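Notes to accompany the following structure.
Just so it is clear, the structure is predicted and the values come from calculations on it, not from any experiment.
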Number of protein chains: 2
Amino acid sequence: MSEPVTIRQVAAAAGVSPATVSRVLAGSPRVDAGLAARTLAAVDELGYRANRVAQALRTRSTGTVGMVVPNIANPFFPIVIQAVEKELRQHGARLLLCDSGDDVAEEAELISSLLDHRIDGILLSPCDRRASQDALRRAAAQVPVVQVDRFALKDFDYVGVHQEDAMGLVVAHLIEQGCRTFTYVTSNLAASTAAERHRAYVRAVRDIDSYSERRVHEGDHSLAWGQEAARQILEEGDLPDAIVCASDLVAVGVLDRLRGLGIDVPNDVLVTGFDATVLARVAWPSLTSVRQPLEEIGKLAVQVVLETERSSRVGRTWLLPAELIIGDSTKKIHELPSQARSKKTGKKSIRQAVPKS
Amino acid sequence: MSEPVTIRQVAAAAGVSPATVSRVLAGSPRVDAGLAARTLAAVDELGYRANRVAQALRTRSTGTVGMVVPNIANPFFPIVIQAVEKELRQHGARLLLCDSGDDVAEEAELISSLLDHRIDGILLSPCDRRASQDALRRAAAQVPVVQVDRFALKDFDYVGVHQEDAMGLVVAHLIEQGCRTFTYVTSNLAASTAAERHRAYVRAVRDIDSYSERRVHEGDHSLAWGQEAARQILEEGDLPDAIVCASDLVAVGVLDRLRGLGIDVPNDVLVTGFDATVLARVAWPSLTSVRQPLEEIGKLAVQVVLETERSSRVGRTWLLPAELIIGDSTKKIHELPSQARSKKTGKKSIRQAVPKS
DNA sequence: CTGTCGCGAGAGAACGATTTCTCGCGGGGG
DNA sequence: CCCCCGCGAGAAATCGTTCTCTCGCGACAG
């Protein structure tokens, strides 16, 4: 309806030049006090607010940061996004949010589009640690880029947690609980986090005496995939002592399926998640999971991206500490070998009740 | 590092004027085929992409839409946001996302900031159905505004679901299950959705024979509030037949607390949620809840905001159908009066075991 | 043969800010 | 007394587009 006020109108109203209005608003040191007062009065009177588009064109800074995440619906990301948005606001900046849907081509297009919009920086959670490299490099040639949570190239800034250590905590805990056989349910290994977690899992588990190679299941971060993975595990044969999942979302899917088949967690099998989202708390039994400091990750990523000069490409890495959250899904009473054996029998009889589909 | 290519450089390379380059790229009808080919070659050669900031300044359209939501962390919103972002992309537009944190002042500031950025429209989920009105009106004076999920003013466009009908479904279901006494746990009634749900609840419940006014608990949409509300309910006296919650987040908090105190859902008390988020599926027992067509809401809101002329202020309303999702939290075996009485006794003895804090 | 009309493309004016450059005025020093 | 320097504020260029306006050329008609 109403056209916004321009700086010329303010200048006219105050009887000064547009340049002076700009100077006053920028807090330029040497302006006559009388003029300043007059212009401020006019600004107030007319309700003037600078057009940030024009500002951006002139100053080459939009006060805007782009963020590309693989999937907003994964409860992991909203927390990071919230922290990012909050920290950006502290710096007077706004967030352009994009969901790549875990698709490399989409991701590349979104990045190009963000560059077209002349964002001041990009926060990227690359969906594919190799296929996303090109887009990442292209972006970094234009603006500061910080990789968040996931990464694709070591020679660009990265904020996240040491996934291998974190997964190490999980497996160590399970071993401490007496587990000797494991199955891993992962999401797509193209994501750096998934790859690192998997690597750490393999490393931690291959030294266990009774370890035998178990099939690794690969799907996406979804409830449906967790359910499907549980079905596959049951079809394969004996239940392992523990099912280690790459995310809470997958783990709750697994839990759901196991429960549907009458398999008890943690008494028949232990299950772990990852990310310590609200799902882990709400699930029954509550999930043992790994809490990553999501707020800190988001906040730090913003600070890094805003404070990086466009020229300095350092490839710094910030690794924040993760924390094991122990839930009911791994609170098993320690068993003697004989008990463990009878447990297996019990599981087998359950398995036979499962209809092959 | 590298400065982006400008239209002048393309023009120079192609031996034409900037105007012609612009025309060619815009697909203007009458341009010489030879020139067009040359410019396209130059565009390709130099990898030219138009500066959307300059474009925006000239055309008065940024290809950007702002969205302000009360709390990204509530699993309800990411789904809407995802749909919004997806639909915007279909139209070549980007999303500026803001989290008001359910704070009216923040919300107002965010809206002003979005207007400064000359977004092409605003999607707003007003945190307070009265206090947000001013900001809403101010925004609507500048750009098309669509209220999403929550609303503050009837005379501006709104996309959501008929909350009263939806809550009606819940209560009707509970009555069908034999419930006669209820307690309602709501979030802050400043949100229009919360207010409507509450109103519908009161209306549906006041005609039940044995209905007696029960305390309504008010807090925010959080797990913690659900836990606290459950504690309060237990302190009050007899358990009701059903606890009706204003959102899944609150309901899972209630469930968690009840479970901690050894109260069985649904056998001791029925519990319902709202929103049918992933939490409702994951919870144990799975929650009876109301599914709102979140994707459709997001998609429609975008279509409305993008197709609305800046001048036309109609105050249209789109109400999409909601659906009752019945979970295990209300699957009660119908009881005879005598059984119901013994149930109450059982509850009382449980209550006595609750430590007063 | 000449005047006019139409079409295609370049020149240039916006868009609304910031910022450099320039100019005028006042004061101080030679 | 005059010149120069410095400071404060306005004029104007600039950012990179789009789009109107104008101009030139060719063709067709009178």
Side-chain angles (χ1 to χ4, degrees), chain A residues 2-40 42-43 46-64 92 113 115-120 142 310, chain B residues 2-40 42-43 46-64 92 113 115-120 142 310:
Chain A
S2 64
E3 283 298 319
V5 182
T6 72
I7 203 172
R8 314 201 95 80
Q9 301 176 23
V10 176
V16 298
S17 76
T20 298
V21 177
S22 176
R23 276 189 282 254
V24 169
L25 261 41
S28 176
R30 328 190 160 280
V31 270
D32 181 77
L35 286 195
R38 249 160 62 207
T39 57
L40 285 178
V43 163
L46 299 176
Y48 170 73
R49 305 203 104 222
N51 180 336
R52 304 223 54 176
V53 174
Q55 236 171 12
L57 181 61
R58 180 64 233 245
T59 64
R60 314 177 142 264
S61 161
T62 53
T64 283
S113 169
L115 292 174
D116 292 347
H117 278 91
R118 296 296 188 271
I119 33 71
D120 293 341
Q142 306 252 100
R310 263 186 68 238
Chain B
S2 64
E3 283 298 318
V5 182
T6 72
I7 205 172
R8 315 199 95 80
Q9 300 177 24
V10 176
V16 298
S17 75
T20 299
V21 177
S22 178
R23 274 190 283 255
V24 169
L25 261 40
S28 176
R30 327 191 161 281
V31 269
D32 181 77
L35 286 196
R38 248 162 59 207
T39 58
L40 285 178
V43 164
L46 299 177
Y48 170 72
R49 305 202 104 223
N51 180 336
R52 304 222 54 177
V53 173
Q55 236 171 12
L57 180 60
R58 179 66 236 242
T59 64
R60 313 174 143 266
S61 161
T62 52
T64 282
S113 169
L115 292 173
D116 292 347
H117 278 91
R118 296 296 187 272
I119 32 72
D120 293 340
Q142 305 252 100
R310 266 186 67 238

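The pair R49(A)-D116(B) meets the salt-bridge criterion, since a charged nitrogen lies less than 4.0 angstrom from a carboxylate oxygen.
One finds a side-chain N or O of Q55(B) lying less than 4.0 angstrom from the OP1 or OP2 phosphate oxygen of dT18(D). For dT18(D), the OP1/OP2 oxygens have a side-chain nitrogen or oxygen of S22(B) closer than 4.0 Å.
Of the two residues near DNA chain D, V53(B) and A26(B), the one whose nearest nucleotide lies more 5' is V53(B). When each of R38(A) and A54(B) is assigned the nucleotide of DNA chain D with its nearest heavy atom, R38(A) is the one assigned upstream, toward the 5' end. Positionally, the nearest nucleotide of DNA chain C for V31(B) lies more toward the 5' end than for the other of R118(B) and V31(B).
For the pair T62(B) (side chain) and R118(B) (backbone), a donor-acceptor distance under 3.5 Å is present.
The side chain of A19(B) approaches dG12(C) more closely than any other nucleotide in the set dA17(C), dG12(C), dA11(D). Looking at the side chain of D32(A), the nearest of the listed nucleotides dA9(D), dT17(D), dT18(C) is dA9(D). Of the candidates dG10(D), dG16(D), dA17(C), dG16(D) carries the atom nearest the L57(B) side chain, counting heavy atoms from C-beta on. Distances from the side chain of R58(A) to the nucleotides dA9(C), dG10(D), dT19(C) place dT19(C) closest. Of the listed nucleotides (dT18(D), dT18(C), dA9(C)), dA9(C) has the atom at the smallest distance from the side chain of L35(B).
Minimum heavy-atom separation, P18(B) to A11(B): N-CB, 3.5 Å.
Using a 4.0 Å heavy-atom cutoff across all strands shown, T20(B) reaches sugar-phosphate atoms only and no base atom.
The base of dG8(D) lies outside donor-acceptor range of the side chain of R23(A), with no N or O pair under 3.5 Å.
L35(B) has its side chain out of reach of V24(B): every pair of non-hydrogen atoms, C-beta onward, lies at least 4.5 Å apart.
Distance OH (Y48(B)) to P (dT17(D)): 3 Å, rounded to an integer number of Å.
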